[in-house]
Chemist: 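I have a structure I would like to understand better, so I am pasting it below and will then ask my questions one at a time.
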Amino acid sequence: MDFYSFLIQLLNGVQYGLLLFLVASGLTLVFGIMGIINLAHGSFYMVGAYLAFSLAGLTGNLFTALPLGIGVSVLLGFALEWLFYRHLYARDHLYQVLMTYGLILVFEELRSIIWGDDVHGVAVPDLLSASLPLTDNLSYPVYRLAMSGVCLLIAGGLYGLIKKTRLGMMIRAGSSNREMAEALGVNIKRVYTVVFALGVALAAFAGMIAAPVSSVYPNMGAQVLIICFVVVVIGGIGSVWGALLAAILIGLTDTFGKVLLPDYAGMSTYILMALVLLWRPEGLFKR
Amino acid sequence: MSEPLLEARGIHSYYGASHILHGVDFRIDRGETIGLMGRNGMGKTTLIRSLLGHLRPRAGSVKVRGLDVTQAAPYRIARLGLAYVPEGRGIFPNLTVRENLIMAARAGLDGRCDWTYERILDTFPRLAERLANGGGELSGGEQQMLTIGRALMTNPQLLILDEATEGLAPLIARDIWTIIRGIRDSGIATVIVDKNYGAVIGLADRCMVMVKGRAVFDDVAEKLSGDVVQKYLGV
């Protein structure tokens with residue numbers, strides 16, 4: 001593999017990893033803080049992609065679709081938490097798995113009713129549709145670079161939110177000792193609602209920006225969900241930084257696996273998970 | 001008689017099927033100091049958790065300044081000016097010392113901010129040296145100072161201290177007692193639970209002794225006779 005091919009795969013791997021991080025960060029936060037195993041998390045990714053498809057069609061541009069889609073997904077998050085998830089915090093994982101699996105079926109059915117079962121595409125915005133020429137016959141799409149950039153910005157924002165703001169301190173305090181946080185006047189239920197809506201919005205946003213490169217199709221959440229659970233387990237449950245590192249590791253392993261060992265590519269990420277868990281059973285970042 | 005700061009009547013609390021509190025009355029006025037006494041397992045912590053909304057009483061009522069909070073969420077009760085230093089301290093080990101303090105900061109009910117971050121650090125210079133340390137990295141005495149400082153950051157009208165000196169070296173415990181006395185003298189009402197009965201009686205205006213989920217003595221500290229102490233506290 002020459003340098004430029006390597007560079008392209010490296011950028012692809014990092015971009016894929018960062019996208020996974022957006023989805024996995026919400027999954028690990030909701031799992032780590034509220035103790036919810038949320039199988040429906042992949043559905044939020046799918047909802048985001050379909051929202052991008054509809055709203056970009058409606059407004060004519062992905063850029064205008066994004067803020068609208070974020071607004072819709074935050075509202076969806078608040079509604080779902082209020083209607084379903086808050087009743088499950090104290091329940092056994094089995095109930096959580098049953099309900100959230102049920103939600104997957106509901107989301108797929110709604111998707112089929114609203115959007116049908118066809119595969120759709122979303123146009124890359126004109127502003128980002130160019131490619132950067134690397135050699136005479138190799139180039140790299142600007143849109144993918146922009147995706148990575150946006151994901152990094154969001155990762156930075158998430159870091160700031162959790163490490164620097166009082167809301168972040170309350171989130172961490174509540175995850176360590178809920179009763180004590182409440183005794184200090186923290187409305188932990190509202191904190192949970194906000195965290196859940198944030199997780200939904202992150203997953204949906206990932207689906208929105210991924211729509212132009214991955215296209216929009218039924219069941220697209222399922223594959224992402226599985227790989228995101230791998231990310232959460234490798235990173236250490238509840239650790240956002242673990243999720244970031246694990247997501248990039250997975251992105252690179254998957255991308256280079258497909259190039260270097262195409263026959264075994266389907267297994268590469270799971271082999272990585274097995275190795276990490278043999279080395280560190282609690283994941284890279286134990287909480 | 002003025003309206004009590006906190007008043008509970010006929011509290012019955014359970015842990016699962018175990019009936020822990022059998023109709024306990026509790027009252028504290030503004031600025032008052034109450035020593036809550038009793039051997040282990042007599043219901044002191046259960047009473048505190050029932051007052052603060054962490055444990056929902058099956059019968060009875062809790063009022064803060066006349067407002068019924070029996071069914072209120074714990075965070076709402078806390079925001080009415082009640083602060084809690086729990087047994088075992090309840091430090092957030094995953095937050096730094098600074099974050100433990102900042103996350104709790106709140107103006108008092110009347111909008112006053114007598115206890116600021118700066119004043120807490122003046123009061124507890126040991127904490128000022130360890131701001132960037134994780135809460136879990138502190139010594140027992142430092143953790144206790146942090147818990148008390150954190151409670152004061154909410155500018156409370158009532159501070160409940162459950163076994164604040166437990167497990168501390170005598171010299172450190174003495175420091176903590178000095179701090180508690182200072183808090184009491186600043187006009188904050190306090191409920192003190194501690195094994196050091198002498199120190200509690202020395203600070204308290206009134207003492208309440210609990211035996212098996214009932215209050216068997218509730219009167220001014222001076223009336224706490226040697227007999228009562230001998231019989232119910234076993235010293």
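The chains referred to below are lettered A, B, ... by the order of the sequence lines, with proteins before strands, and numbering in each begins at 1.
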Chemist: Inspect the surroundings of NZ in A/Lys164 and state if more than 12 heavy atoms from other residues, nucleotides or ligands are less than 6.0 Å away.
Modeler: no

Chemist: Look at atom CZ of A/Arg86 and say whether more than 12 heavy atoms of other residues, nucleotides or ligands are closer to it than 6.0 Å.
Modeler: yes

Chemist: Which heavy atom of B/Pro93 sits nearest to which heavy atom of A/Ser176, and what is that distance?
Modeler: CD-OG, 3.6 Å

Chemist: Using non-hydrogen atoms only, which part of B/Leu95 is less than 4.5 Å away from chain A: side chain, backbone, both, or neither?
Modeler: both

Chemist: Is it true that, when you exclude A/Gln223 itself, more than 12 heavy atoms of the residues, nucleotides or ligands shown sit nearer than 6.0 Å to its CD?
Modeler: no

Chemist: About how many Å separate CE of B/Met103 and OG1 of A/Thr165, when rounded to the nearest 0.5 Å?
Modeler: 11.0 Å

Chemist: Report yes if some heavy atom in the side chain of A/Asn187 is under 4.5 Å from a heavy atom in the side chain of B/Arg79; otherwise report no.
Modeler: yes

Chemist: Let me know if B/Arg49 has heavy atoms under 4.5 Å from chain A in its side chain, its backbone, both or neither.
Modeler: side chain

Chemist: Which heavy atom of A/Met180 sits nearest a heavy atom of B/Gly90, and at what distance?
Modeler: CG-O, 3.2 Å

Chemist: Quick check: are there more than 12 heavy atoms from other residues, nucleotides or ligands sitting under 6.0 Å from OH of B/Tyr15?
Modeler: yes

Chemist: If we define contacts as heavy-atom pairs under 4.5 Å, which of B/Ala105, B/Gly135, B/Gly53, B/Ala83 has the most with chain A?
Modeler: B/Ala105

Chemist: Which answer fits B/Ile77, side chain, backbone, both or neither, if we ask what part of it has an atom under 4.5 Å from a heavy atom of chain A?
Modeler: neither

Chemist: Would you give the length of the straight line joining atom CD1 of A/Ile171 to atom CG of B/Asn94, rounded to the nearest 0.5 angstrom?
Modeler: 12.0 Å

Chemist: Drop me the distance from B/Arg106's CZ to A/Arg166's CZ, to the nearest 0.5 angstrom.
Modeler: 8.5 Å

Chemist: Considering only heavy atoms and a distance below 4.5 Å, find which of B/Leu52, B/Ile102, B/Thr147 pairs most often with chain A.
Modeler: B/Ile102

Chemist: Main chain of B/Phe92, side chain of A/Arg172: is a donor-acceptor contact present, judged purely on distance under 3.5 Å?
Modeler: no

Chemist: Can you tell me which portion of A/Lys163 sits under 4.5 Å from chain B's heavy atoms? Options are side chain, backbone, both or neither.
Modeler: backbone

Chemist: Are A/Glu179 and B/Pro74 close enough that some pair of their side-chain heavy atoms sits under 4.5 Å apart?
Modeler: no

Chemist: Please tell me if the side chains of A/Leu184 and B/Met153 come closer than 4.5 Å, counting only heavy atoms from C-beta onward.
Modeler: no

Chemist: Please look at B/Ala73 and chain A and tell me whether the side chain, the backbone, both or neither of the residue comes under 4.5 angstrom of a heavy atom of that chain.
Modeler: neither

